[in-house]
Peer 1: 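Questions regarding the structure given below will be posed in turn.
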Amino acid sequence: MLTAVITAHESTDATIVIPVSVRDLLPRDLPACTWSGSATHLRQVERALARATAGEVDYLAVCTPVDLPVAIGGIDYQVSEGAGTLWQLAVSPALQSCGLGTLLIRAAEQRIRNRGLRRAELAVEENNPRARALYERLGYAAYGCRPDAWDEEGPDGSIHRHETVCVLLRKNL
């Protein structure tokens, strides 16, 4: 159901409510997830989905009523003993700050609990205060930092190594 509510008589401001659901991300979804990153990134997601079939990870999608993914993210159960590690969390840029990230993280935390684990962990780049604020609002607390690096694809298809420092956060579930 799509609902539009005009908040003032002559205003153009409106609130739009669209129901969403959370399900496992599927390989068939990847062409609709180009907003989440480059072709290199989507190949990494594809490899993660192969790990999901082995039970090593869960990879979730928040989807619209027409089953279009608008937020995605993984939970890796192999990184930290006794915890699920959230990674590759992304929300479609046009829909950020609408609560989809919160929904995605809560669904991921429930998956972690369903496995009998009582801790969630994640890493966020030091220069991403917006994401860090979300995680802290949801109860995550910093416990350290570490350098990290990954390959990124430029607009021209060239690959370069992105090096950064990440803040490590955790939450008891």
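Throughout, numbering of the chain's residues begins at 1 and tracks the sequence. No hydrogens, no waters, no symmetry mates; every other heavy atom, side chains included, goes into these values. Note that the structure is a prediction, hence the values are computed from the model and not measured.
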Peer 1: Under the criterion side chain to side chain contact (heavy atoms under 4.5 Å, CB included), which of Asp24, Leu25, Leu26, Val57 is the partner of Leu49?
Peer 2: Leu25

Peer 1: For a quick test of reading the model, state the closest non-hydrogen atom pair linking Thr64 to Val20 and the distance between them.
Peer 2: CA-CG1, 4.4 Å

Peer 1: Say whether Val45 and Leu86 are linked into one hydrophobic cluster, either directly or through other cluster members, by side-chain heavy-atom distances under 4.5 angstrom.
Peer 2: no

Peer 1: Would you call Arg51 and Asp58 a salt bridge, taking side-chain N to carboxylate O under 4.0 Å as the test?
Peer 2: no

Peer 1: Going from OG on Ser158 to CD on Glu152, what distance comes out if it is rounded to the nearest 0.5 angstrom?
Peer 2: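 The distance works out to 10.5 Å.
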
Peer 1: Tyr59 and Tyr77: same hydrophobic cluster, using ILVMFWY side-chain contacts below 4.5 Å?
Peer 2: no

Peer 1: Which pair of non-hydrogen atoms, one from Leu68 and one from Ala32, has the smallest distance, and what is that distance?
Peer 2: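 Reported closest heavy-atom pair: CD1-CB, 3.7 Å.
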
Peer 1: As an exercise, state the distance from CG of Leu134 to CZ of Arg130, rounded to the nearest 0.5 Å.
Peer 2: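 If I round to the nearest 0.5 Å, the distance is 9.5 Å.
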
Peer 1: With sequence neighbours excluded, what pairs up with Arg115 under the side-chain hydrogen bond (donor to acceptor under 3.5 Å, both in side chains) test?
Peer 2: none

Peer 1: Is there a path of hydrophobic side-chain contacts, each under 4.5 Å between heavy atoms of I, L, V, M, F, W or Y residues, that connects Leu122 with Val22?
Peer 2: yes

Peer 1: What pairs with Ala54 under side-chain contact (heavy atoms from CB on, under 4.5 Å), at least two apart in sequence or on another chain?
Peer 2: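 So Ala54 forms a side-chain contact (heavy atoms from CB on, under 4.5 Å) with Glu56.
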
Peer 1: Would you say that Trp35 contacts Ile72 through its side chain, given a criterion of any heavy-atom pair below 4.5 Å between the two side chains?
Peer 2: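 Yes; the side chains approach each other to less than 4.5 Å.
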
Peer 1: Taking all non-hydrogen atoms of both residues into account, name the closest pair between Ala48 and Trp87 and its distance.
Peer 2: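 Result for this residue pair: CB-CZ2, 3.8 Å.
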
Peer 1: Side chain of Arg119, backbone of Glu81: donor and acceptor closer than 3.5 Å?
Peer 2: yes

Peer 1: What are the two closest heavy atoms between Ala120 and Ile112, and how far apart are they?
Peer 2: CB-CD1, 3.7 Å

Peer 1: Arg23: what forms a side-chain hydrogen bond (donor to acceptor under 3.5 Å, both in side chains) with it, not counting sequence neighbours?
Peer 2: Asp29, Asp67

Peer 1: Pairing donors with acceptors under 3.5 angstrom, does anything connect the side chains of Tyr140 and Glu121?
Peer 2: no

Peer 1: As an exercise, state the distance from CG of Leu103 to SG of Cys98, rounded to the nearest 0.5 Å.
Peer 2: 12.0 Å

Peer 1: Distance check, rounded to the nearest 0.5 Å: Leu60 atom CG versus Gln88 atom CD?
Peer 2: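 Reported value, rounded in 0.5 Å steps: 12.5 Å.
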
Peer 1: Can you give each donor-acceptor pair under 3.5 Å made by side-chain atoms of residues 165-173, sequence neighbours left out, with the distance rounded to 0.1 Å?
Peer 2:
residue: Lys171; atom: NZ; partner: Glu109; partner atom: OE1; Å: 3.3
residue: Lys171; atom: NZ; partner: Glu109; partner atom: OE2; Å: 3.2
residue: Lys171; atom: NZ; partner: Leu138; partner atom: O; Å: 2.7

Peer 1: Looking at CD of Glu126 and OG1 of Thr164, how far apart are the two atoms once the value is rounded to the nearest 0.5 Å?
Peer 2: 7.0 Å

Peer 1: Would you name the heavy atoms of Asp76 and Gln78 that are closest together and state the gap between them?
Peer 2: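 So the two residues come closest at OD1-N, 2.7 Å.
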
Peer 1: With sequence neighbours excluded, what pairs up with Ala71 under the side-chain contact (heavy atoms from CB on, under 4.5 Å) test?
Peer 2: Val62, Val91, Leu100, Leu104

Peer 1: Side chain to side chain donor-acceptor pair (under 3.5 Å), that's the test. Do Arg43 and Ser38 meet it? Break it down for me.
Peer 2: CA-CA 9 Å; Arg43 283 191 296 275; Ser38 67; over 6 Å; no

Peer 1: To the nearest 0.5 angstrom, please state how far the CD atom of Glu153 sits from the NE2 atom of His41.
Peer 2: 11.5 Å

Peer 1: Do you know which two heavy atoms are closest between Pro69 and Cys33, and how far apart they sit?
Peer 2: CB-SG, 3.8 Å

Peer 1: Same hydrophobic cluster for Val70 and Leu30, using side-chain heavy-atom links shorter than 4.5 Å among ILVMFWY?
Peer 2: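 They do not share one cluster, since no chain of ILVMFWY contacts under 4.5 Å joins Val70 to Leu30.
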
Peer 1: Residues in ring pair (Phe, Tyr, Trp, His ring centres under 6.0 Å) with Trp150, at least two apart?
Peer 2: His162

